[in-house]
Amino acid sequence: MGARVRKAVLPVAGLGTRVLPGAKTTPKNLLNVVDRPILSYVVEEARAAGIEHFVFIVGRGQGAIEDYFDANPEIEGILEAKGKLDILADVRRDLPQPGQMSFIRQMAPLGLGHAVWCARDVIGDEPFAVMLPDMLMMARTAALAQAVSAYEQVGGNIVVVEPAPAGEAHKYGIVALEGQEGRLNRMTGMVEKPAPGTEPSNLFISGRYVLQPEIFQILESQDRGAGGEIQLTDGMFNLMKTQDFHALEYEGTTYDCGDKLGLLRANVAFALARPELADAARQAIRELL
Ligand code: UTP
């Protein structure tokens with residue numbers, strides 16, 4: 001069995017075009033779902049999978065992400081003085097241990113593959129996770145923890161997938177499988193946004209990966225692909241020539257917070273899943289309908 005997965009790369013340097021103008025001054029992944037930034041949920045998921053170091057790939061104007069994960073003595077001091085200890089605990093819940101987070105500037109949003117490549121020196125020569133933070137996973141066992149268990153079982157590279165809604169597979173990155181039995185299957189390929197009717201399966205790549213460090217050498221010399229961007233899928237496709245890839249159909253549901261409707265759906269779903277909010281949220285939604 002290979003080395004343990006200790007580090008996660010979280011690329012957040014995209015422009016968030018689909019959620020502008022909100023994402024103009026607040027990085028997309030700091031937008032709230034209910035009462036916490038999207039990133040808060042993703043970091044919690046990573047911790048549940050045993051991740052010890054978080055590598056954020058950021059762009060200009062995203063300093064608020066570092067500030068969110070830093071202490072704020074003024075706010076914390078006021079909450080303490082006022083005895084609002086439950087809110088204080090909630091504010092501190094997301095704080096890392098000093099040294100657990102790295103922030104790397106991508107400098108230009110050249111694509112997801114390029115963003116991941118920017119993490120090469122901090123990751124070094126060990127397997128690592130990639131988490132696309134706009135994808136929020138609601139799952140009893142954290143989605144990344146399921147991926148890490150699968151990795152511990154079969155090694156190599158793991159791509160987390162989920163059945164696409166009927167008729168929508170052509171909108172996503174879709175995996176091709178050697179055979180489909182149970183939830184963990186060997187991959188034979190993947191295709192970005194296949195033409196309708198040509199999809200090799202109905203399973204879309206949902207934004208959690210365990211990858212081997214050899215991906216960095218591939219990304220280093222990779223040409224630009226679809227949309228003029230350096231695509232992670234192209235890099236994985238090349239790595240698949242020499243290494244095993246398995247697709248894991250995880251148990252849970254993905255909410256894509258990258259566009260307006262997805263963000264709305266995530267807010268509703270996560271509010272309904274909060275015991276202290278569920279009844280009031282259901283009532284409010286009913287009234288609106
Ligand atoms: P997306 O394409 O979904 O995000 O990339 P985006 O570019 O922010 O969104 P739109 O299309 O403009 O609305 C998936 C993830 O990869 C990151 C994004 O921040 C997002 O979390 N990403 C993408 C980078 O970090 N760098 C890039 O060059 C591209």
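Both counts, for ligands and for their atoms, begin at 1 and track the order of listing. Positions are given from 1, in the same order as the sequence printed here.
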Going by the order shown, which atoms of ligand 1 are within less than 4.0 Å of some heavy atom of [X]?
{"X": "A115", "result": "24 (C), 25 (O), 26 (N)"}
{"X": "D134", "result": "3 (O), 4 (O), 15 (C), 20 (C), 21 (O)"}
{"X": "R18", "result": "1 (P), 3 (O), 9 (O), 10 (P), 11 (O), 13 (O)"}

Pair Y209-F245, ring-ring contact (aromatic ring centres under 6.0 Å, His included): steps then yes or no
CA-CA 10 Å; Y209 313 79; F245 272 74; 9.2 Å; no
Which donor-acceptor pairs under 3.5 Å do the side chains of residues 175-184 make with protein atoms, sequence neighbours left out?
unit_1	atom_1	unit_2	atom_2	d
R183	NH1	E249	O	3.0
R183	NH1	Y250	O	3.3

At what distance, to the nearest 0.5 angstrom, does CD of E162 lie from OH of Y172?
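Reported value, rounded in 0.5 Å steps: 8.5 Å.
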Compute the shortest N/O to N/O distance between [X] and ligand 1 and return yes if it is under 3.5 Å, no if not.
{"X": "I57", "value": "no"}
{"X": "A108", "value": "no"}
{"X": "G258", "value": "no"}
{"X": "G14", "value": "yes"}
{"X": "E229", "value": "no"}

Is the closest heavy-atom distance from K28 to ligand 1 below 4.0 Å?
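Contact present.
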Please work out which of P109, A23, A13 has its closest non-hydrogen atom nearest to atom 25 (O) of ligand 1.
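Comparing heavy atoms across P109, A23, A13, the nearest one to atom 25 (O) of ligand 1 lies in A13.
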Does a side chain donor of either Q106 or H114 reach within less than 3.5 Å of an acceptor in the other side chain?
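Their side chains do contain a donor-acceptor pair, which is all the 3.5 Å distance test asks for.
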Count the heavy atoms of every other residue, nucleotide or ligand shown that sit under 6.0 Å from CD of Q97, and state whether that count exceeds 12.
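No, the 6.0 Å shell around CD holds no more than 12 heavy atoms from other groups.
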Given the rule in the ring-ring contact (aromatic ring centres under 6.0 Å, His included) test, do F54 and F69 qualify, once you have shown the distances and angles that lead to the verdict?
CA-CA 11 Å; F54 301 82; F69 289 106; 7.7 Å; no
Can you name the ring-ring contact (aromatic ring centres under 6.0 Å, His included) partners of Y255, sequence neighbours left out?
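If we apply the ring-ring contact (aromatic ring centres under 6.0 Å, His included) test to Y255, skipping adjacent residues, the hits are F270.
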